[in-house]
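Data first, discussion second: the structure below is written as structure tokens.
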Protein chains: 2
Amino acid sequence: MPAATLDPMRPPRPDDDRPHYLTLRDQLGEAIATGRLAPGTRLPSERQLQSETATARGTIREALFQLEAEGRIYRRDRSGWYVSPAAVTYDPTRWAGFMTYVVEQGRTPATQTLSIDSVAAAAATAGIFGLAIGAPLHELTRRRSIDGRPVLVERIMVDPALAPDLATQDLDGSLTHILSRHYGLAAVRNHIDMRPCALTTPVAGTLGVKSGTPGLLIVRTSFAANGRVVEYDHEYWRHDAIKVQVDLTIRA
Amino acid sequence: MPAATLDPMRPPRPDDDRPHYLTLRDQLGEAIATGRLAPGTRLPSERQLQSETATARGTIREALFQLEAEGRIYRRDRSGWYVSPAAVTYDPTRWAGFMTYVVEQGRTPATQTLSIDSVAAAAATAGIFGLAIGAPLHELTRRRSIDGRPVLVERIMVDPALAPDLATQDLDGSLTHILSRHYGLAAVRNHIDMRPCALTTPVAGTLGVKSGTPGLLIVRTSFAANGRVVEYDHEYWRHDAIKVQVDLTIRA
DNA sequence: GAGTGGTCTAGACCACCTT
DNA sequence: AGGTGGTCTAGACCACTCA
């Protein structure tokens with residue numbers, strides 16, 4: 001027998017025959033569900049869990065990744081793992097901006113403008129706005145936070161013909177309000193695309209998450225009564241920060 | 001110098017200072033984007049990639065996990081990694097069932113009924129149907145596939161007062177049609193909740209994916225004109241199989 | 001039976017956060 | 001300065017798929 005190739009350190013699989021990381025995942029999940037680990041709490045460090053449970057660090061991390069995928073914990077880079085706060089509910093049929101509905105849910109929103117530029121419309125974008133390729137567009141990027149935690153990065157395109165001098169406005173508040181009060185632009189119809197995605201460079205960096213973290217992409221096209229596109233918006237959300245809720249009547 | 005603790009095998013970080021797994025991820029991603037690896041194609045095995053790139057298997061796997069999180073590849077357990085097919089578009093405002101809109105997009109849908117039972121309504125469910133706790137409900141679970149790949153598991157609750165003998169129907173087709181043709185039940189309003197989730201036991205097992213795989217949960221409550229709940233449905237989707245699209249008018 | 005991914009160990013060094 | 005997660009190596013055995 002080639003006993004030399006056996007790994008004498010290998011512990012047996014648990015009796016229930018489930019992988020160790022699922023057992024650990026469910027133990028930690030239980031502690032979160034019962035409130036023993038409250039939202040915002042920091043989990044024990046990986047090395048601490050390692051010595052408590054006598055398993056390798058890789059296995060510990062696998063359990064943590066699972067909880068992260070479920071949206072129950074998140075990481076602050078090189079600081080630790082934390083229990084996720086509750087997700088906010090987002091209803092795209094209501095024309096209330098981020099600032100409004102976050103406050104309505106008892107949370108504290110914040111917005112930071114990252115950039116406001118004039119860019120030339122690419123083919124796809126030009127088609128959406130009904131403009132010629134290369135036509136100028138406002139491109140606004142912002143980061144929005146809830147209770148101090150960044151939850152989304154958005155890139156908004158606006159037709160400067162409808163909103164001249166947008167760059168001179170204070171864009172750290174509600175764009176909705178600016179568009180309606182300063183420019184008389186009110187959306188009457190929204191077209192929304194939504195799909196799970198991975199947050200990658202540079203969005204991941206801006207949100208302070210690891211590249212590849214699961215996220216949700218919401219693309220919103222807002223139309224005015226005359227059919228012009230008022231806003232074309234890409235929102236990259238942390239997947240644990242949002243629940244989408246829509247109430248709608250059925251078309252044929 | 002404690003040279004004995006140095007790892008002589010450790011290769012240098014690449015010049016661009018990005019982790020190796022991101023480099024590999026982007027190389028594979030490029031091959032997928034350009035069509036060199038077409039949807040449905042199997043990727044080289046992990047050990048093959050390992051020897052091609054001279055990196056450890058764990059690093060290879062990290063790159064694959066990233067592409068999986070982006071929805072660009074998926075795994076068939078112990079068979080290999082495959083390039084994901086295109087996602088189907090789902091428009092909850094259209095009262096067309098799964099079978100219909102999948103066909104409209106040139107794909108082949110299939111449905112398997114997993115179970116049909118009568119269960120006692122729990123508190124939350126009873127509230128939704130406006131029934132007493134413990135009242136009987138039909139509970140239907142099904143698995144649905146596109147082009148032979150399972151993409152979602154759903155659990156549907158139906159009030160037996162509105163649809164008696166539902167269990168005797170052929171449930172492998174469109175429930176929508178059965179409800180409207182046999183029972184005269186047509187939904188006029190949908191309430192929809194949507195959020196990224198992780199697919200865990202037992203859903204993961206039914207879809208043949210690893211527990212913890214990212215997914216999308218859609219909860220749909222359908223109301224008839226008289227306000228009664230026609231259907232209360234939980235759909236657990238593979239996250240790479242669906243794009244949600246909604247077109248809606250703005251409420252105040 | 002050969003090959004695949006799934007799980008697990010036991011280290012190492014690094015960049016960065018925290019105090 | 002000490003601790004944290006981030007990255008990476010180099011193995012091992014296992015359960016399962018596929019031909």
How many whole angstroms separate atom [atom1] of [X] from atom [atom2] of [N]?
X	N	atom1	atom2	value
A:E62	D:dG6	CD	C1'	15 Å
B:L49	C:dG3	CG	C1'	14 Å
A:I60	C:dG11	CD1	P	15 Å
A:Y74	D:dG5	OH	P	14 Å
A:H20	D:dC14	NE2	P	13 Å
A:Q48	D:dT4	CD	P	7 Å
B:I73	C:dG5	CD1	P	10 Å
A:R18	D:dA15	CZ	C1'	17 Å

Next on the checklist: Looking at B:R47 and C:dG3, is any side-chain donor or acceptor paired with a base atom of the opposite kind under 3.5 Å?
Outcome noted: no
Checklist entry - Does any donor-acceptor pair link the side chain of B:R57 with the base of C:dG6 at a separation under 3.5 Å? => result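 For B:R57, whose side chain was compared with the base of C:dG6, there is a donor-acceptor pair (under 3.5 Å).
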Next on the checklist: Pairing donors with acceptors under 3.5 angstrom, does anything connect the side chains of B:T201 and A:R18?
Outcome noted: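 Not at all, the side chains of B:T201 and A:R18 share no donor-acceptor pair under 3.5 Å.
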Checklist entry - Do B:R57 and B:Q50 get their side chains close enough for a donor-acceptor pair, meaning under 3.5 Å? => result no
What's the closest nucleotide to the [X] side chain, out of [options]?
X	options	answer
B:K210	C:dT7, C:dT18, D:dT7	C:dT7
A:T55	C:dT9, D:dT17, D:dG5	C:dT9
B:Y21	C:dT9, D:dT4, D:dC8	D:dC8
A:R42	C:dT18, D:dT4, D:dC8	D:dT4
A:A56	D:dA10, D:dG6, C:dT9	C:dT9
B:R78	C:dT7, D:dT17, D:dA10	D:dT17

Checklist entry - What is the ring orientation for A:H234 with A:Y236, classed by angle as parallel under 30°, tilted 30 to 60°, or perpendicular over 60°? => result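 Judged by the thresholds at 30° and 60°, the geometry between A:H234 and A:Y236 is parallel.
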Checklist entry - In terms of the nearest nucleotide of DNA chain C, which residue is placed more toward the 5' end: A:R76 or A:L22? => result A:L22
Checklist entry - Counting only heavy atoms not in A:R142, do more than 12 sit closer than 6.0 Å to its CZ atom? => result yes
Phosphate-side-chain proximity, [X] and [N], N/O vs OP1/OP2 below 4.0 Å:
X	N	result
A:S45	D:dT4	yes
B:S79	C:dT4	no
B:R75	C:dG6	yes

Item to check | Interatomic spacing from OH in A:Y21 to OG1 in A:T53 - rounded to 0.5 Å | outcome: 15.5 Å
